[in-house]
There are 2 protein chains.
Amino acid sequence: MSIDHDQDCPGLLPEPPTAELQLVCVLHALADPMRLRIVAELAGAGGDELNCLAFELPVTKSTMTHHFRVLREAGLIRQHRRGTSKMNALRTEDLAARFPGLLEAVLAALPHCPRGADAPPPAGVAAGC
Amino acid sequence: MSIDHDQDCPGLLPEPPTAELQLVCVLHALADPMRLRIVAELAGAGGDELNCLAFELPVTKSTMTHHFRVLREAGLIRQHRRGTSKMNALRTEDLAARFPGLLEAVLAALPHCPRGADAPPPAGVAAGC
DNA sequence: GTCAAACTACGAGGTCTGTCGTACTATGGC
DNA sequence: GCCATAGTACGACAGACCTCGTAGTTTGAC
């Protein structure tokens with residue numbers, strides 16, 4: 001997995017280019033209830049950027065950092081700094097270009113997805129197997 | 001994850017009913033190169049059933065058993081005994097009913113998928129991250 | 001300069017996963 | 001009954017993963 005640094009947008013964190021997105025990595029990144037919840041909330045935000053604390057995840061900040069990094073290194077989200085915050089956005093178009101229909105199918109399969117960022121899921125996206 | 005035993009088809013191994021398929025479990029089952037390869041070959045077989053040894057995976061039999069069980073318990077494949085063999089088939093319709101478009105998107109995203117079971121991938125579906 | 005906020009780095013822990021080898025259980029053919 | 005075939009059960013191991021706590025960095029406000 002190569003991470004390109006040649007984006008000249010200031011504050012943008014390194015991420016894999018669209019052509020190098022790996023299906024196994026994307027599926028692995030999505031195969032976790034916490035990360036699926038992050039992706040769902042980002043999708044529910046309708047393209048808006050959210051900072052890490054906006055998700056109110058039931059884990060510590062360092063665990064949050066871990067999950068956001070997994071998502072970014074898999075190519076699912078884009079992150080850039082703004083002040084002391086880090087803003088997150090779904091790479092919807094890149095994913096649609098590389099894996100057409102995949103993100104849409106995953107989002108459609110999510111339970112309780114009311115298309116709004118102000119309706120946090122009660123406990124978690126899925127309780128696990 | 002509940003496994004139902006109330007199928008009266010003889011030799012059918014227990015599997016989760018369609019309504020109880022979990023997105024996280026399905027994604028986790030797909031997030032492995034070996035299992036993705038199994039799913040790809042089953043899809044390439046066009047609905048035909050294949051026994052476990054037909055896949056010629058570069059792992060031992062016990063590892064193969066492990067991967068087939070993960071796929072079956074996630075609801076991706078259906079298994080039933082025939083003589084000394086165990087036949088495997090993709091649960092295409094069940095998956096399409098529960099997660100519309102998901103399996104199609106994953107299969108479309110697979111590299112080297114020539115729509116034929118007689119063209120085994122050279123080394124693996126994906127080398128990993 | 002000082003402080004708080006937001007995030008990261010690092011290490012540690014416990015758990016899960018993928019793989020193997022060996023022993024074992026059907027099943028079917030002779 | 002005996003044997004080969006196909007697959008399972010079980011234990012073991014290394015490595016990856018998820019989580020946490022603590023310490024550190026960066027940024028902006030005062």
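Keep in mind that this is a model prediction, so the values were computed, not measured. Protein chains get the first letters and strands the later ones, always in sequence-line order, with residue 1 at the start of each.
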Q: By nearest heavy atom, map A:His67 and B:Ser85 onto DNA chain D; which one lands nearer the 5' end?
A: B:Ser85
Q: B:Ile38 CD1 to C:dG18 C1': how many Å, rounded?
A: 12 Å
Q: Can you sort out the partners of B:Ala54 under side-chain contact (heavy atoms from CB on, under 4.5 Å), two or more places apart, ordered by chain and number?
A: B:Leu50, B:Asn51
Q: Tell me the interatomic distance from B:Met64, atom CE, to D:dA9, atom P, rounded to whole angstroms.
A: 16 Å
Q: Using a strict 4.0 Å threshold on nitrogen-to-oxygen distance, state whether B:Asp32 and B:Arg37 make a salt bridge.
A: no
Q: In whole angstrom, what separates B:Leu57's CG from C:dT19's C1'?
A: 13 Å
Q: For A:Glu49, enumerate each residue passing the salt bridge (charged side-chain N to carboxylate O under 4.0 Å, His left out) test, keeping only those at least two apart in sequence or located in another chain.
A: A:Arg82
Q: Counting primed atoms plus P, OP1 and OP2 as sugar-phosphate and everything else as base, spell out the protein contacts along nucleotides 20-30 of chain D at 4.0 Å heavy-atom distance: B, S or - for each nucleotide, 5' to 3'.
A: BB-----BS--
Q: Using the side chain to side chain donor-acceptor pair (under 3.5 Å) criterion, which residues pair with A:Asn88? Sequence neighbours excluded.
A: A:Gln79
Q: Applying side chain to side chain donor-acceptor pair (under 3.5 Å), can you list everything that pairs with B:Ser62, at least two apart in sequence or on another chain?
A: B:Thr60
Q: Who are the ring pair (Phe, Tyr, Trp, His ring centres under 6.0 Å) partners of B:Phe99, not counting sequence neighbours?
A: none
Q: To the nearest Å, give me how far apart CZ (B:Arg35) and C1' (C:dT17) are.
A: 8 Å
Q: Grab the CG-P distance between A:Leu50 and C:dC7 for me, whole Å please.
A: 11 Å
Q: Check every atom of C:dG18, C:dA6, D:dA6 against the side chain of B:Leu53 and return the nucleotide holding the closest atom.
A: D:dA6
Q: Starting at CG of B:Asp32 and ending at C1' of D:dA16, how long is that distance when rounded to a whole Å?
A: 12 Å
Q: Show me the pairs that pass ring-ring contact (aromatic ring centres under 6.0 Å, His included) and involve residues 32-72 of chain A, at least two apart or across chains.
A: A:Phe55-A:Phe68
Q: Can you name the atoms? Protein N/O to nucleotides 13-16 of chain C N/O, anything below 3.5 Å, with the distance.
A:
none

Q: Work out which heavy atom in B:Ala74 is nearest to a heavy atom in B:Pro16; give both atom names and the distance.
A: C-CG, 4.1 Å
Q: Who pairs with A:Arg98 by side-chain contact (heavy atoms from CB on, under 4.5 Å), at least two apart in sequence or on another chain?
A: A:Thr18, A:Leu21
Q: Measure the distance from CZ on A:Arg69 to C1' on D:dC17 and round it to the nearest whole Å.
A: 13 Å
Q: I need the NE2-C1' distance between B:His80 and C:dT27, as an integer number of Å.
A: 15 Å
